[in-house]
2 protein chains.
Amino acid sequence: MTEPRRRPGPKRALTEEAVLDAALTLLDTDGPGAASIRRIAAALGVSPNSVYTYLPDKSAIEQALVERLLGDLNRAAPGGDDWRADLEALALDLRRRLTAHPGAVPLLLGGAMNGPEALLLGERLLDLLDRAGLAATEAARGAYLIMSYVLGAIALEVADVPRAGALAPERDRIAARRAAMSQVPAAMFPRTAAAVDVTATWIGTEQYLWGLRRVLDGLSTHA
Amino acid sequence: MTEPRRRPGPKRALTEEAVLDAALTLLDTDGPGAASIRRIAAALGVSPNSVYTYLPDKSAIEQALVERLLGDLNRAAPGGDDWRADLEALALDLRRRLTAHPGAVPLLLGGAMNGPEALLLGERLLDLLDRAGLAATEAARGAYLIMSYVLGAIALEVADVPRAGALAPERDRIAARRAAMSQVPAAMFPRTAAAVDVTATWIGTEQYLWGLRRVLDGLSTHA
DNA sequence: ACCTGAACACCGTTCAAGT
DNA sequence: ACCTGAACACCGTTCAAGT
């Protein structure tokens with residue numbers, strides 16, 4: 001992450017940062033799987049092997065990408081005096097950043113969340129739930145519950161659309177979801193078919209926040 | 001899925017079922033990514049191209065695998081008179097089946113949940129929440145919330161272990177989690193480090209069920 | 001120290017040909 | 001109708017060689 005002293009030798013053509021930039025751009029442009037080492041190298045005008053100078057292998061690139069995204073989130077800390085507002089803002093910010101890079105979502109859910117930035121995010125959740133008045137055990141379990149819900153909801157939302165680079169605007173995705181649901185045979189799935197008319201915004205920000213609030217309600221009830 | 005009438009022609013060497021069996025075995029043995037068309041074909045003693053006779057492409061194999069797992073779950077319906085017990089049993093059964101095939105979890109969260117068995121599972125959730133006394137809107141949103149939590153929690157749990165074929169026994173995974181957490185520097189992540197001592201079973205069945213109950217509490221509170 | 005080209009062991013998928 | 005071998009355009013990674 002830091003480069004303390006440069007050793008002698010030929011000039012570096014790249015930086016770890018540049019490799020991650022290229023990987024993220026490919027992910028955003030051409031979807032998951034597009035961030036291959038060979039395509040990253042090509043985008044940087046360098047031979048594939050050269051990438052191995054900066055990161056040891058493919059999975060290191062993926063982990064570093066996850067850490068960068070979480071680091072950006074952690075550094076954009078709001079920090080007001082209302083724990084509930086802060087928690088909702090944090091959850092919404094995570095969702096905003098991940099839906100902006102849908103190709104990166106599988107990386108988050110595919111690898112262990114044990115990097116420094118992932119730990120820092122967990123620490124922030126624990127702090128928020130402490131401010132909420134939860135006991136240590138409830139806070140620890142609650143933080144894991146919130147993380148599970150938040151990542152699961154984002155993953156389902158991102159997976160819902162046939163993957164092709166960037167995510168469509170939320171209004172379009174909701175419309176597509178409703179259109180798809182209206183095609184469900186009511187004879188076989190009566191409740192699912194009926195649910196189309198029940199609410200206009202079945203997925204999207206509103207549903208995400210609704211779910212988060214039910215989770216927080218459940219935590220308060222228990223405390 | 002069904003084979004109504006066989007057309008004339010040479011004998012079929014395989015069935016779609018056999019292809020999926022081989023794919024799942026490879027997934028269980030060698031982890032995600034092991035279920036390549038070429039390895040499936042090799043395991044079945046057939047040329048790679050031959051697989052395309054039964055399923056149109058790789059993603060069709062993955063979708064069919066997901067549908068089979070959800071189908072098994074749907075067909076193992078318990079159905080008592082206590083909606084809460086039924087819901088918890090269903091959630092536990094899903095978790096049990098997915099942790100038995102950790103390599104299949106990314107397939108579930110990577111593709112849209114819109115196959116017949118996925119719809120049927122959604123239908124069952126809606127029915128359970130209707131029995132819980134929830135109004136139609138709350139049931140629809142609640143079903144989506146439960147699905148998000150349940151899949152997110154399972155994905156985090158499966159991703160927590162360095163992926164290598166089958167999942168270790170839960171007791172071992174909890175011990176490994178605790179060991180890893182005890183290595184977290186307390187100076188930098190005080191709350192995370194303190195959480196190690198807070199509860200002996202921080203992940204696993206107990207945490208999963210605890211989270212589900214908080215979600216259900218939140219739904220009841222809101223209703 | 002960092003780059004390169006060449007190679008190895010893989011992929012998914014398509015094509016043309018056999019029966 | 002279903003199989004096969006051969007081929008195409010890819011992968012991640014390693015090795016040996018250049019500067």
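These numbers were taken from a predicted model, which means no experiment stands behind them. By convention in this document, chain letters (A, B, ...) are assigned in the order of the sequence lines, proteins followed by strands, and residues within each chain are numbered from 1.
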Counting heavy atoms from C-beta on, name the nucleotide in D/dC3, D/dT13, C/dT13 closest to the side chain of B/Asp57.
C/dT13
Flag the pair B/Arg68 and B/Glu16 as a salt bridge only when some basic side-chain nitrogen lies within less than 4.0 angstrom of an acidic carboxylate oxygen.
no
Between B/Arg38 and A/Ala13, who's closer to the 5' end of DNA chain C by nearest nucleotide?
A/Ala13
Give DNA chain D the dot-bracket treatment, 5' to 3': Watson-Crick (N1-N3 with N6-O4 or O6-N4) or G-U (N1-O2, O6-N3) under 3.5 Å, [ ] crossing, | other strand.
||.|||||...|||||.||
By the 4.0 Å heavy-atom rule, please label B/Ser47 as base, sugar-phosphate, or nothing.
base
Give the rounded distance in Å between these two atoms: CD1 of A/Ile37 and P of C/dC3.
14 Å
Rounded off to whole Å, could you give me the CD1-to-P distance for the B/Ile40 and C/dC10 pair?
16 Å
Between C/dT14 atom C1' and B/Lys58 atom NZ, what is the distance in whole Å?
17 Å
Quick one: does any side-chain atom of B/Arg214 pair with a main-chain N or O of A/Val215 as donor and acceptor, under 3.5 Å?
no
Heavy-atom side-chain contact between A/Glu123 and B/Pro190 under 4.5 Å:
yes
Has the side chain of B/Gln63 got a donor or acceptor atom that lies under 3.5 Å from a matching backbone atom of B/Gly115?
no
Where the side chain of A/Ser50 is concerned, which of D/dT4, C/dT13, C/dC3 is the nearest nucleotide?
C/dC3
Ranking D/dC2, D/dC11, C/dT14 by distance to the side chain of B/Arg12, first place goes to D/dC2
When rounded to the nearest Å, what value does the distance between P atoms of D/dA9 and C/dA9 take?
22 Å
A/Tyr52 side chain: which of D/dG12, C/dT13, D/dC3 is closest?
D/dG12
Is there a salt bridge (charged side-chain N to carboxylate O under 4.0 Å, His left out) between A/Arg124 and A/Asp86? Walk through the geometry before answering.
CA-CA 10 Å; A/Arg124 290 183 65 193; A/Asp86 287 356; over 6 Å; no
Need one value for B/Thr53: base, sugar-phosphate or nothing, where a base atom within 4.0 Å counts as base even if backbone is also close, heavy atoms only.
sugar-phosphate
Quick test of your reading of the model: are A/Arg177 and A/Asp160 salt-bridged, counting only N-O distances below 4.0 Å?
yes
Between CG of B/Leu26 and P of C/dG12 the distance, given in whole Å, is 11 Å
Whole-Å distance between D/dC11 P and A/Asp30 CG?
11 Å
Round to a whole Å and report the spacing from CG of B/Leu44 to P of D/dC2.
16 Å
Carboxylate-amine/guanidinium contact B/Glu170 B/Arg96, below 4.0 Å:
no
Rounded to whole angstroms, how far apart are CG on B/Leu55 and C1' on D/dC2?
15 Å
